[in-house]
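Data first, discussion second: the structure below is written as structure tokens.
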Amino acid sequence: MKTAKIISALIILTLLLLGPPFTFMTMAAEVGTTELSANYLVVPGGETIAKIKVENKDIKLHHFNLQATELPEGFKAYFLLEGKLTETIELNPSDKRLIELHIEAPLKVLKDSGTFKIKFLREDGIESFMPISFTINHDFALEITNGIKKLEIMNGKSTSFDIAVTNTGNKELKTLGLKVDLPYKWSLENVIPDKLTLKPGENGVLKVNVSVPSTQAAGNFVIKIKSFNEDATSSEISIPIKVIASASYAWWVIGLVLVFGVVTILYFRKHGRR
Amino acid sequence: MNATWNIARKEITDALRNKLFLTILGMLLTLTVVSVVLGAYQVRMTVDNYNNSINFLKSLGKADLPPMPNLNPISASKGFVNYIGMLGALLAMILGNSAIVKERRSGTLKLILSRRVFRDTLLNGKLLGNLTLLAGITLLSGVITFISVFAIGKVVLSGGDVVRMGLFFLMSFLYMTFFLVLGITLAVMVGNGNKALLLTVIIWLVLAFVFPQIGETMDMDNQLPGGFFAQMGMTRDQEHKLLEKFKFYETLRDGIEEMSPTKHYERISFALLNVKPGFEKNTPTEVLGLKWINLLGLTAPSIILWLIAYMAFLRREDIYQN
Amino acid sequence: MKQVFIIATKEFKAAFKDKVFLVITALFLLLSIISVYIGSSTRNAEMKAYQDIVEILESQGATNFPLSPEIFPLAILQNIIKYVSIIGAVLAVFLGFDAFSGERENGTLKLLLVRPLYRDQLVTGKLLGAGLVIGVLLAITLIFNTLLFSLVSGILPNLNELSRLMVFIIMAFIYMMIFYIATLFVSIKTGDRAFGFLTMMVVWILVSFVIPQLADSQRSFAYALNATNQTVTQIPSDTVISKGIEIFSPAVQFQNVGKDLLQGVSETATMNVFEILSRQALSLLYILVPGVILLFASYRAVQKEDVL
């Protein structure tokens, strides 16, 4: 075990010196094999994907339970197999599969680097671990601020609001865009400007135009927005928005009631009350 | 005014002798209790289930957790609104229809009108009496609900929740009023009592089942299990484009739904009882402020129908024939 | 036997002269047509949208495409299940509510029974007449909707799908007949037709809405995570209690069988008819049992009727 740790530490060091981290690695899901580890660059508030190859070197079919353990505070990790969220995998003898490990880093990170482990638990109780180490990349960091407390809009109308983004990293962020998550059937008219480039420390404002369908019933809704480019993703902000009903329907109804009222009065005048 | 009140009083005593009316009333009250019991049970089950799922999701490291289920047994059973709506409407229709038909059958209509009672006064009396009955029913089911929520669900409702529930029962009263007025108006307009009843029921079917059903069918996302947009993983832009093509459908669908008092009743009730999410943080008056259109859609048809009843009754001559 | 046919023919003709019945029939047909038309054109729009998405992705040089939406042709007709179970049932009630009490109130019942006619023949005749009306109506619905569906969506149903459709129509027939039988029973038992009618409306509300919703409130919800769009959704699943409550609602049972037959459930969408029927045997039983009981009860009640 000790030698394994030394080896992995050495590998991490080499990887760090080499620069870009490995994305592929082999993991023998069998006891007693050498553990390897790779280092991943993680952006605060962003997501990093690590591809892990899992191999069953035994002569029998095995089920493996995957779990990320000893995650630092605020970090999240989960596994995807062929695009689907996975907890367990089944492997035939000498079968290999690629699993995506998604690591999500929080916006505020306490330490600039760290490690955690992935636990592989075989159905017969045999455990093996794979250490994963990460380094926080301060080159790219993005912050999104929400100046709006509450929005109000009439159904069938459109509205616009400003979203401020700040480059809090050390490098320039190019072609920053917004991902706007709207309630069902609403539409995003446009975002002005469509893309933004920010130097370190600089902030910019994006104007979001949203239209609410006229068929939307009044109520409270939430718009979720995050800013992103290839290198960095900001955290997600939620903007509460209140939809109120337009009064045109009401005028029709009230008008109709009045018409009927007048007709009734005239009718009684003509025929007399009896 | 005295005449109106006398007629109203007679309506109430008559209804309390009506077997079918009493049966349905009994069913309504029983169902109220049953739905609170089942709601309470459901709440317990949901909370257990929720905790399990939350633990599972947390172990996956997800932060986007589903919201805590509502602990109010009334919100747990969406059916509650429907029972009150359906059985209440049926009760109201029976009351409205028999208010006119029974007098016509027994020939008493002639008798009352020969006693210098204005026709509109007669109608007012009938309406007043039956509205009092409906108010009594609403109050009774309201009280039973409050008691059983407390006794069975072991939930102490907050002040806001009590007001919301009270408002919901007010809406139920308005909804029943519509069908009462519909029953009276059609009974006045159509000479044959049975035909009038059938017509009332048909209109109810159209407003309460057919229109909402057409609306549901026309909502294209309902056409495929699991929802089309989610299934395709469509981007907003693509979804937007597709919806653009269906704009006419959407407007038509909404228009059809807008014509049904049932839809208005459902919308405002679901908001008040938190069956539909998104109104949890509002005060009761804020909910009303948001949903005032529905309140209007619930009351205006009753007023119009009532005016029609006045006019139709004024010119009916077959009352004096036998 | 001749008498039975005479009564049946009379019932059949009377039904199509009744304005109220015609209104409900028109509603039923209108709904099914709207539903099929919208279903088919929505499907076309969805296929088009899918092709657009693939095109856009292709132009961006992607090699991974979302799977083509799996749309089973009969699923488009699915809304008809609901219409039959709700409007179809009301239709049967309208057809049957004065079948007996009407004759009694008009005094024709006395007239009928003094003729050389057994009482059970009267019931059989009424049933046959109603069966004819419902049968014709469903046949029209079937033919019309299949044509409309093929016309709008451009798909011809294959043999399996046709046989499913046929079995579904037979099921719908049985379901509506059960409501007719129940109405007939109430009509024999009560003197007042308005009372009988309203009683059946209450039964209808119970069977179609109250019981299903009670059952629904007892479903447990599992939370599921969608990996592609990272949302959490609730998936309802049956519990023993919800299953138990549903037994008492033929409407729910009919909808369950209907969903399987009209490819509403993807697991059973490719099975053949017999597999589905054996899978749903219990549901079929739950539908049939109340019908058979009421049928016998009706024959018995007629024997006891004293009109003279």
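Every heavy atom of this structure was used, including side-chain atoms; hydrogens, water molecules and symmetry mates were not.
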Close side-chain approach of A/Ile254 to B/Leu296, heavy-atom, < 4.5 Å
yes
CG of B/Leu307 to CZ of A/Phe260, rounded to nearest 0.5 Å, is 8.0 Å
Looking only at heavy atoms, what is the nearest atom pair of B/Met311 and A/Tyr267, with distance?
O-CE2, 3.4 Å
Is it the case that atom CE in B/Met189 sees more than 12 heavy atoms from other parts of the structure closer than 6.0 Å?
no
Taking the side chain as every heavy atom from C-beta outward, state whether B/Tyr310 and A/Phe268 have any pair of such atoms under 4.5 Å apart.
yes
Part of A/Val263 lying under 4.5 Å from any heavy atom of chain B:
both
Heavy-atom distance under 4.5 Å to chain A: side chain of B/Ala300, backbone, both or neither?
both
Please examine the side chains of B/Leu314 and A/Lys270, heavy atoms only from C-beta on, and report whether any two atoms are closer than 4.5 Å.
no
Listed by number, the residues in residues 282-293 of chain B that come under 4.5 Å of chain A (heavy atom to heavy atom) are B/Asn282, B/Leu290, B/Lys291, B/Trp292, B/Ile293
Under the salt bridge (Lys or Arg N to Asp or Glu O under 4.0 Å) test, residues paired with A/Arg97 that sit two or more places apart:
A/Glu82
Can you tell me if NZ on A/Lys195 sees more than 12 non-hydrogen neighbours from other groups inside 6.0 Å?
yes
From A/Arg273 CZ over to B/Arg119 CZ, what is the distance, rounded to the nearest 0.5 angstrom?
12.5 Å
Between B/Ile304 and the options A/Leu256, A/Val253, A/Val259, the side chain to side chain contact (heavy atoms under 4.5 Å, CB included) test singles out A/Leu256
